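A quick write-up on the structure given underneath.
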Amino acid sequence: EIIGCKIKGIDKEATYRIARDFISKYYLLVELLRFRKYRYSRKEMARLYLMLYGEDHEVRTPSRIDRRYRDLIAIASKFNYDKYPWIKFSYPKWFYEHLSEILGSYDALELLKALNNRTIWLRVNTLKVDVDKAIKLLEKENIVIERDKDLWYMVKVINAPYPINKVEAVRKYLVIPQDKASALVVEALKPDADMLIYDLTAAPGMKTSLIMQLTENKAYVVAFDVSKKRLRVMKHLMKNLGVDFSHLEIILADSRILHMKRKADAVLLDAPCSSSGAIPKDPAVKIHLRRRGRIEYYSKLQENLLSIGLRLCSDKLVYATCSVFPEEGEEIVEKFVNLNIARAVKPSIIGSPGYFKYKIAPLVKRLFPHIHMTEGFFISQLYPI
Ligand SMILES: C[S@@+](CC[C@H](N)C(=O)[O-])C[C@H]1O[C@@H](n2cnc3c(N)ncnc32)[C@H](O)[C@@H]1O
């Protein structure tokens, strides 16, 4: 039984896929129902979803509401989606309007469409296995993959017969699902052996572990996070991934009020954000972003963290967010550069420049699902002045 609707004869994985797609189409369903001024519950929304998009699953619909659903299905088939493109791709209206102001409506729609689809990337954990062997193991499990041309340890999943977390090599921590854009954040940092690195918002440690992988466990990382629960997951993950704990310190702390005696050689600020760029991985982000206010909350938090990060850094700081909004990217960097607190240097990684209406655009990078087949990411490289 999912979301209150009886679907017979389908397994857990298919149920998960349906629930995920239902969440992704949330705003589309809300608007269709609102159009007819119907009062509705989530359960009724789910039923409508199954009637519109369900395949041959049996949906039990009480006959007394049959007519209402028939009416909605007729509306859905005649709906003028071109007039309401945010409804077509199921986003809050402000989300579409805001991106249209920045990108123009054509590119904004390309982005919204692409955020509805996920490309799965795997990182080979070279602390445990070499790339050729990992590829052979994946192929043995009938996973169709393509080696990435930019990052030697990344592969793109073209087809998998079952969910990626069920793959033996993933279960053994030989390969890890990690988006290519997330790996590019660490590439921008260019970690090296013996470097002291502060990872200010580290949990669950995907990037920390990549720092350790790229330096063959030779960098020294101090990883902070404010969430006890996420740090617990991180410890478990680092152990299983083969990270050397004599080169890693994990500290529960609010990084906005950090005091450290020693400055780090490099600081990573993979900041908490609206996660708007991570919609391909988690469509529920769309529901959390019903109101625009969340962006302001995160941009203030990022400003505070960046200000501390620059004080704790003797050389390079990488500030990144998995957000498609400039308030969590270009605007923050411009503020620090204009105040003469930091200098921005273009990261030497692939990616598009920042949003062109900002002066800082040529010195920062953006990754997009419709261009780079990644999640939406902002990546910048700063030096304290
Ligand atoms: C984008 S996630 C980090 C993901 C991580 N870097 C990785 O690659 O796995 C942001 C993290 O910031 C943490 N966070 C939020 N506010 C914080 C604060 N004031 N101080 C330290 N960590 C914070 C959250 O708990 C969350 O784990």
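Whatever order the structure lists them in is the order used to number ligands and atoms, beginning at 1. The structure presented is a predicted model; accordingly, all values stated were derived computationally and were not measured.
Here the options are Glu296, Glu328, His288, Arg294, the test is side-chain hydrogen bond (donor to acceptor under 3.5 Å, both in side chains), and the partner is Ser274; only Glu328 passes. The one candidate from Lys300, Gln302, His98 that meets the side-chain hydrogen bond (donor to acceptor under 3.5 Å, both in side chains) condition with Glu327 is His98.
Remark: Lys357 does not engage Glu101 in a salt bridge, criterion side-chain N to carboxylate O under 4.0 Å. Of the charged side-chain nitrogens involved, none lies within less than 4.0 Å of a carboxylate oxygen, so that Glu139 and Lys136 do not count as a salt-bridged pair.
Figure legend: cation-pi geometry between Arg123 and Tyr153 absent, as NZ or CZ is not positioned both under 6.0 Å from the six-membered ring centre and within 45° of its axis. Cation-pi geometry between Lys286 and Tyr26 is not met: the NZ or CZ atom fails to fall both under 6.0 Å from the ring centre and inside 45° of the normal.
Remark: minimum distance from atom 25 (O) of ligand 1 to any protein heavy atom is reached at Asp225 OD1, 2.7 Å. Ser255 N, 2.9 Å is the protein heavy atom nearest to atom 20 (N) of ligand 1. In terms of protein heavy atoms, atom 12 (O) of ligand 1 is closest to Thr201 CB, 3.3 Å. If you check which protein heavy atom lies closest to atom 6 (N) of ligand 1, you get Asp270 OD2, 2.7 Å. For atom 15 (C) of ligand 1, the closest non-hydrogen atom of the protein is Pro272 CG, 3.5 Å. Looking only at protein heavy atoms, the nearest one to atom 22 (N) of ligand 1 is Val226 N, 3.2 Å. In this structure, the protein non-hydrogen atom closest to atom 9 (O) of ligand 1 is Met206 N, 2.9 Å.
Aromatic ring orientation, Phe22 versus Tyr49: perpendicular (interplanar angle above 60°, classes split at 30° and 60°). Classified by interplanar angle (parallel below 30°, tilted 30° to 60°, perpendicular above 60°), the ring pair Phe368/His372 is parallel.
Residue contacts with ligand 1 leave out Thr208, since none of its heavy atoms falls under 4.0 Å from the ligand.
Compare Ile251, Leu237, Asp254 by their heavy atoms: the one nearest to atom 18 (C) of ligand 1 is in Asp254.
Contacts between Leu268 and ligand 1, counted as non-hydrogen atom pairs separated by less than 4.0 Å, are absent for every part of the residue. Residue contacts with ligand 1 for Ala271 involve N, CA, C or O but no side-chain atom from C-beta outward (heavy atoms, distance under 4.0 Å). Residue Cys273 does not touch ligand 1, judged by heavy-atom distances below 4.0 Å. At a 4.0 Å heavy-atom cut-off, ligand 1 does not touch Ser182 at all. In Arg230, the part holding a heavy atom less than 4.0 Å from any atom of ligand 1 is the side chain.
The environment of Arg20 atom CZ is dense: over 12 non-hydrogen atoms of other residues, nucleotides or ligands sit within 6.0 angstrom.
Remark: ligand 1 and Phe224 share no N or O pair separated by less than 3.5 Å (distance only, no angle test). Checking only distances, Leu301 never comes within under 3.5 Å of ligand 1, N or O to N or O.
Taking every heavy atom of Leu200 and a limit of under 4.0 angstrom, the matching atoms of ligand 1 come to 21 (C), 22 (N). Close contacts of ligand 1 with Arg256, meaning ligand atoms under 4.0 Å from a residue heavy atom, involve 19 (N). Atoms of ligand 1 found under 4.0 Å from any heavy atom of Gly205, numbered from 1 in the order shown, are 7 (C), 9 (O). Atoms of ligand 1 lying under 4.0 Å from at least one heavy atom of Ala253, given by number and element, are 20 (N), 21 (C). Within the listing of ligand 1, atoms 9 (O) sit less than 4.0 angstrom from a heavy atom of Pro204. With ligand atoms numbered from 1 in the order given, ligand 1 contributes 25 (O) to contacts under 4.0 Å with heavy atoms of Ser227.
Minimum heavy-atom separation, Ala181 to Ile379: O-CD1, 3.9 Å.
For the residue pair Lys172/Asn125, the side-chain donor-acceptor check at 3.5 Å is not satisfied. Side-chain N/O atoms of Asn142 and Tyr162 include no donor and acceptor closer than 3.5 Å.
In this structure, Asp148 contributes its side chain and Met154 its backbone to no donor-acceptor pair below 3.5 Å.
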